[in-house]
Structure formats: structure tokens, C-alpha cells
Amino acid sequence: MAEKSLPQKVKDYCGGDCLAAPAFSPIDDAAEYLNLLANAIDITDGGESINAKTQRRIKSLLLKDGAAAYEPVTKMWFAGAPAGGVDGDGDPLRIRLTAANGRTFARRPIWGKDEPTAGGAYLFRALPLGGITFADMVGQAVAFMHLCDVGAAQNLEAVKTPYIVTCKNPEIALSIKQAVQGKQGGQAALIVSDELGEAIKGLSIEVPYLADKFEEFRDHKRAELLTKMGVLTANTEKRERVQSAEVNAKIGEATDYIYMMIDYFNKQAESYGLPFEMHYNGSMEELYTDDVDDIEEDAQAGAQNDD
């Protein structure tokens, strides 16, 4: 007596792995963008660029921790955090300085150029109101972009779902397999019986292709992130010629974001009476400053002609 064959399930055709969610190893792209942002600024001391080792320390503290403390006796930069108690303006009465090797000590904050420096330290905040760091902004954007990459990859896997055929009669299973192989081989016509024809109609399990939409969302988020770093990106959403006013607005948006940290750092250094100064080190101003001036001159000339 022939052994009765058991019906096979979908998972049996792919070892049980095709139904499982694909495994992804998230790549932390945050470091790439933080390095790009760090390279877009330069810090000087008395007009001379600070050495690379010290700049790396200052930029790391400002971008990742949101604050950096300068100790005038040792002339070193530390991670600065409140150490208890605040004054009437909400600023700390003591700040805890932490070196990269873990050494910590407390100092009195110096808020003005006329205050005594003995036993004190200067606290530089990255942003005027705090509450978020540039590392946080980069991390949020990178997390969203990673979700888009995962969604696109999952969608590509989903559209490859195998063709499913229902077969009530196991005796025609071999005929179904041969018919499917003929279809995959590009056979123009398949001649089958009525029973086989009903069996190979299959089930509709089509999945819409959305990978391009996920990639579009990812690229849009990436453009937003680069704009915050002072990096201009191409306008891929428009096919027509971009007007000069739009270019000017895009430049203004990019410079406002990057100068949010630059201007505040310089204001603090000026109020402390320190010779430090932060400068924009990117190519945007070199490439577009002259163009913006030309745009403004053309606009003014056009307004005069209209009068």
C-alpha cells in the first residue's frame, strides 16, 4: 500500500525562513553626519586656529553633550554640568568638570569678563535654550532614515512572495508542478484539463511595490538633516528651473541652522572676555555669497525699472 502523502505547507518550500521578518543590522550613520558637522566649523584663539587635538575635544563636547567648560588655570576643556543649586536666572552656582579619563572636580562658573577667574571656569553652551543637542537631532533623523531602509528592504522581499496554488486532489500535484514550470519557462500556452485549470488559478497575494516611496522619504529626511548642517542639497521634488528667490531662501535656512551654534558660541566668548571665536568652515558661503549679492542687485535694479 502506497504511503499517503501529506499536504505541504508554504513554509516547507523555503525552510521556514521566508515567513520570518528579515534580519537587519542597523548601521549607525550618526557618526558620519556628526563628523560632517564638526568639519563645517573652525575655532580660533586670538585669530589663530586652535590645534586639531583641542578642537576635536571642544567640538565633541558641544555637539554630543551640548556644553563644554573651559578652565583658565589649566587652559583645558572639560565636560561641564550643573553641580547643584541655581541662581536667580536659573544658571548653576557650581559646575562639575569631567575630563575624558573620568577625573572630576567642581568649579565656580564665571559669567562675565569682570568677574575674578580664581577657582572658576567658563561654561559654553551649544544652543541658547538647550533642551536638545546636535547629536540628538542627527540621531532622530538617522533613526527615521533607517526605518525607511528597513521598510524598503521588507517591501522588496514581500513582492517576491511565491505563487501559491491550492490543490484539493493530491493526485494532480505533479501536473500542477509541471504546468507551473512551463509558465516559468516562458511557454506561450498551457493545455490542461478542466480540473487542473481550476487548480492553477492560484491565490491573489500581490503586494504593492513601495520601495521607491520609502527611498523618497529617506532622501527628503536626509536633505533636511544636511540643511541643518549648512549643506545645501539639490531640489529633487521640482523638475522646472528653481527661481533665484528659492535659492536665496534655501541658503538662508541652511545658514540660520549652522549659525545657531556659531553665533551663540561667539556671544559667550565675547561676554567672558575670551579670545575664542567659531567660524563657518564649509563651502556654502564661498560658492553662493557672490551669487546672492548678484541676485539682490538684480532684484533692486528690477524694482527701479518698474518704478
Which atom names give the shortest non-hydrogen contact between Pro72 and Gly120, and what distance separates them?
CD-O, 3.3 Å
Note, Leu127 side chain near Phe134 side chain (heavy atom, < 4.5 Å)
yes
What heavy-atom pair brings Ala121 and Arg107 nearest, and what distance separates the two atoms?
CB-CB, 3.9 Å
Pro116 side chain reached by Arg108 side chain, heavy atoms, under 4.5 Å:
yes
Kindly compute the distance separating CG (Leu34) from CG (Asn39), expressed to the nearest 0.5 Å.
12.5 Å
Are Leu147 and Leu156 connected, step by step, through hydrophobic side chains (Ile, Leu, Val, Met, Phe, Trp, Tyr) whose heavy atoms are closer than 4.5 Å?
no
So how far is it from Ile58 CD1 to Leu63 CG, rounded to the nearest 0.5 Å?
11.5 Å
Which word best sums up how the rings of Tyr272 and Phe124 line up, parallel for under 30°, tilted for 30 to 60°, or perpendicular for over 60°?
perpendicular
Kindly compute the distance separating CG (Asp219) from CG (Asp212), expressed to the nearest 0.5 Å.
11.0 Å
Within the 4.5 Å heavy-atom criterion, are Ser271 and Trp111 side-chain neighbours or not?
no
For the backbone of Asp91 and the side chain of Asp89, can you confirm whether one donor and one acceptor N or O come within less than 3.5 Å of each other?
no
Can Ile132 be reached from Leu62 by stepping across I, L, V, M, F, W or Y side chains whose heavy atoms are under 4.5 Å apart?
yes
Applying a strict under-4.5 Å side-chain criterion to I, L, V, M, F, W and Y, I'd like to know whether Ile95 and Phe105 cluster together.
yes
Between Tyr122 and Thr117, is the side-chain contact (heavy atoms from CB on, under 4.5 Å) condition met? List the steps.
CA-CA 9 Å; Tyr122 300 94; Thr117 60; 3.2 Å; yes
Has Glu270 got more than 12 heavy atoms of other residues, nucleotides or ligands less than 6.0 Å from its CD?
no
Counting N and O atoms only, with roles assigned by atom type, does the side chain of Lys59 sit under 3.5 Å from a partner on the main chain of Ile41, one being a donor and the other an acceptor?
yes
Got more than 12 heavy atoms from elsewhere within 6.0 Å of NZ, Lys64?
no
Closest heavy-atom contact between Asn266 and Met278?
OD1-N, 2.6 Å
After noting the C-alpha distance and the side-chain angles of Thr133 and Asp136, does the key distance pass the side-chain contact (heavy atoms from CB on, under 4.5 Å) rule?
CA-CA 5 Å; Thr133 66; Asp136 293 334; 3.1 Å; yes
Kindly indicate, with the supporting measurements, whether the criterion side-chain contact (heavy atoms from CB on, under 4.5 Å) is fulfilled by Tyr70 and Lys75.
CA-CA 7 Å; Tyr70 175 70; Lys75 296 184 178 180; 3.4 Å; yes
Taking all atoms of both residues into account, what is the closest heavy-atom pair of Ala211 and Asn155, and its distance?
N-OD1, 3.1 Å
Linking I/L/V/M/F/W/Y whenever any side-chain heavy atoms sit under 4.5 Å apart, do Leu274 and Val73 land together?
no
Same cluster or not: Phe214 versus Val142, using hydrophobic residues (I, L, V, M, F, W, Y) connected whenever any side-chain heavy atoms lie under 4.5 Å apart?
no
Is the Tyr259 ring parallel, tilted or perpendicular to the Tyr280 ring (thresholds 30°, 60°)?
tilted
For Phe144 and Phe217, run ring-ring contact (aromatic ring centres under 6.0 Å, His included): C-alpha distance rounded to whole Å, both residues' side-chain angles, the deciding distance at 0.1 Å, then the answer.
CA-CA 9 Å; Phe144 180 86; Phe217 294 153; 7.4 Å; no
Supply the atom-to-atom distance Gln268 CD to Tyr264 OH, rounded to the nearest 0.5 angstrom.
4.5 Å
Flag side-chain contact, heavy atom, 4.5 Å: Leu97 against Met76:
no
Show the numbers, then the answer: is there a side-chain contact (heavy atoms from CB on, under 4.5 Å) between Ser49 and Gln55?
CA-CA 9 Å; Ser49 184; Gln55 286 217 39; 3.1 Å; yes
Check Pro92 against Arg125 and note the closest heavy-atom contact, atom names and distance.
CD-NH2, 3.7 Å
Under 3.5 Å, is there a donor-acceptor pair between the side chain of Arg56 and the main chain of Ala38?
no
Do you know which two heavy atoms are closest between Thr44 and Asp42, and how far apart they sit?
CG2-OD2, 3.7 Å
Distance from Ile50 atom CD1 to Glu277 atom CD, nearest 0.5 Å?
11.0 Å
